[in-house]
Every structure is written in structure tokens, then in C-alpha cells.
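The structure presented is a predicted model; accordingly, all values stated were derived computationally and were not measured. All values below come from the heavy atoms of this structure, side chains included, with hydrogens, waters and symmetry mates left out.
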Amino acid sequence: MKPYSDIADLIKNYESEIQLIKDKIATLKKKPQSFNEEVVFKYIDTQSTGKTKDFVRAQGVKSERGSLFASSDVSKLIKDGAKDISPELLAIARRVPGTKKKHGK
């Protein structure tokens with residue numbers, strides 16, 4: 001939470017957080033505009049580069065190297081991005097490792 005000086009400032013901070021969350025929800029509600037965005041959505045959904053790799057392989061898509069798509073290709077796409085992926089969607093995807101539950105449901 002951001003520091004605040006009074007209740008009005010705290011309210012403003014909360015309203016700002018609400019707007020950020022609404023923007024993220026709107027981004028996640030959009031349909032993918034490219035195959036790369038579809039891959040990123042799959043990664044966000046599964047929280048797994050391996051499961052995302054399996055999805056891409058099932059589509060018959062090969063990596064830039066011309067070989068089978070690998071988990072490292074998913075990681076590279078998330079890290080480096082692509083021109084046809086919205087920056088907002090990438091920002092959400094880059095936070096996935098921090099939100100994945102460890103040792104449990």
C-alpha cells in the first residue's frame with residue numbers, strides 16, 4: 001500500500017487500486033487478437049509453461065527455430081513480448097509466477 005497523509009489520501013489510494021484492478025479485468029475479458037495473445041492467455045490460465053507448450057504443440061505451431069515449441073519458448077515470449085501482444089496482457093502474465101500457489105490447492 002502507498003503511504004498516505006490522511007484519510008482523504010488513503011481513499012484516493014484505494015480508488016486508484018480499484019481502477020487498476022478494473023483495467024486488469026477488462027484486459028482479461030478481451031478476446032485474443034493474435035495467436036501470441038492466445039498463448040499468453042493460456043499461460044495465464046494454466047500458470048504453467050509446460051501446459052502452455054503442450055497447447056501450442058497441439059495447434060501444430062513450431063518455434064522460431066523451426067523445431068517443436070518448448071517451455072523456454074513460452075518463457076521467452078512472456079519475457080520479451082511481441083508486437084502483437086498488448087502491454088497490459090504481458091504485465092499480467094509476468095506476474096503469474098508470483099501468484100501461483102505453492103504446496104497446495
Side-chain angles (χ1 to χ4, degrees):
M1 177 186 292
K2 292 180 183 178
Y4 60 93
S5 57
D6 56 23
I7 291 196
D9 199 24
L10 179 60
I11 291 169
K12 186 176 177 181
N13 288 345
Y14 282 143
E15 288 173 339
S16 176
E17 288 178 28
I18 289 169
Q19 187 56 49
L20 288 172
I21 291 169
K22 285 181 178 181
D23 292 345
K24 287 179 185 179
I25 291 169
T27 297
L28 292 171
K29 284 184 174 181
K30 290 181 183 175
K31 295 207 182 262
Q33 300 299 306
S34 66
F35 184 72
N36 280 337
E37 280 198 354
E38 192 173 343
V39 171
V40 173
F41 271 107
K42 190 67 170 179
Y43 172 70
I44 293 168
D45 184 39
T46 63
Q47 302 179 44
S48 166
T49 56
K51 290 177 183 175
T52 305
K53 166 211 45 148
D54 293 342
F55 165 77
V56 174
R57 284 184 178 183
Q59 304 295 316
V61 176
K62 300 218 176 198
S63 71
E64 292 177 349
R65 301 177 312 278
S67 61
L68 289 175
F69 211 81
S71 294
S72 60
D73 294 313
V74 176
S75 297
K76 184 178 186 307
L77 182 63
I78 301 301
K79 180 182 173 202
D80 297 345
K83 291 180 182 178
D84 59 346
I85 303 174
S86 79
E88 297 83 9
L89 186 61
L90 275 175
I92 293 169
R94 288 174 180 149
R95 294 193 56 133
V96 166
T99 60
K100 189 173 181 179
K101 292 183 180 179
K102 305 267 184 195
H103 309 293
K105 288 184 178 181

Rounded distance (nearest 0.5 Å) linking atom [atom1] of [X] with atom [atom2] of [Y]:
{"X": "Asn36", "Y": "Ser86", "atom1": "CG", "atom2": "OG", "answer": "11.5 Å"}
{"X": "Glu15", "Y": "Leu10", "atom1": "CD", "atom2": "CG", "answer": "10.0 Å"}
{"X": "Ile78", "Y": "Ile92", "atom1": "CD1", "atom2": "CD1", "answer": "11.0 Å"}
{"X": "Lys42", "Y": "Lys51", "atom1": "NZ", "atom2": "NZ", "answer": "9.5 Å"}
{"X": "Lys12", "Y": "Ser5", "atom1": "NZ", "atom2": "OG", "answer": "9.5 Å"}
{"X": "Leu90", "Y": "Arg95", "atom1": "CG", "atom2": "CZ", "answer": "14.0 Å"}

Do you reckon Leu68 sits in the same ILVMFWY cluster as Val61, going by side-chain contacts under 4.5 Å, direct or chained?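 No; tracing contacts between hydrophobic side chains, which count when under 4.5 Å, never links both residues.
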
Report yes or no: do Thr46 and Thr52 form a side-chain donor-acceptor pair below 3.5 Å?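 Yes, a side-chain donor-acceptor pair sits under 3.5 Å.
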
Is it true that the side chains of Asp23 and Gln19 contain a donor and an acceptor less than 3.5 Å apart?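 On atom types as modelled, these side chains qualify, holding a pair under 3.5 Å.
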
What pair of heavy atoms forms the shortest contact from Leu28 to Phe41, and how long is it?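 Minimum heavy-atom contact is O-CE2, 3.5 Å.
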
Assess the residue pair Phe35 and Asp84 against the criterion (side-chain contact (heavy atoms from CB on, under 4.5 Å)); give the C-alpha distance rounded to whole Å, side-chain angles, the decisive distance to 0.1 Å, and a yes or no. CA-CA 9 Å; Phe35 184 72; Asp84 59 346; over 6 Å; no

Are there more than 12 heavy atoms of other residues, nucleotides or ligands under 6.0 Å from atom OH of Tyr4?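 Atom OH in Tyr4 is not packed in, count stays at 12 or less.
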
Which residue, Lys62, Lys53, Arg65, Lys79, forms the salt bridge (charged side-chain N to carboxylate O under 4.0 Å, His left out) with Asp73?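 The salt bridge (charged side-chain N to carboxylate O under 4.0 Å, His left out) with Asp73 is passed solely by Arg65 among Lys62, Lys53, Arg65, Lys79.
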
Which residues pass the side chain to side chain donor-acceptor pair (under 3.5 Å) test with Lys76, not counting sequence neighbours?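 Scan of Lys76 (side chain to side chain donor-acceptor pair (under 3.5 Å), adjacent residues dropped) gives Asp80.
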
Less than 4.0 angstrom from a charged side-chain N to a carboxylate O is my criterion; do Lys2 and Asp9 meet it?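 Salt bridge flag = no for Asp9 with Lys2.
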
Using atom types as modelled and distance alone, determine if a side-chain donor or acceptor of Gln47 lies under 3.5 Å from a backbone N or O of Asp45.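 Not at all, since once roles are kept as given, no pair shorter than 3.5 Å links the two residues.
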
Side-chain contact, heavy-atom cut-off 4.5 Å: Ile85 with Leu77?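 Side chain of Ile85 against side chain of Leu77, heavy atoms only: contact under 4.5 Å found.
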
Among Ile25, Leu20, Ile18, which one satisfies side chain to side chain contact (heavy atoms under 4.5 Å, CB included) with Lys22?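 It is Ile18, the one option of Ile25, Leu20, Ile18 that forms the side chain to side chain contact (heavy atoms under 4.5 Å, CB included) with Lys22.
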
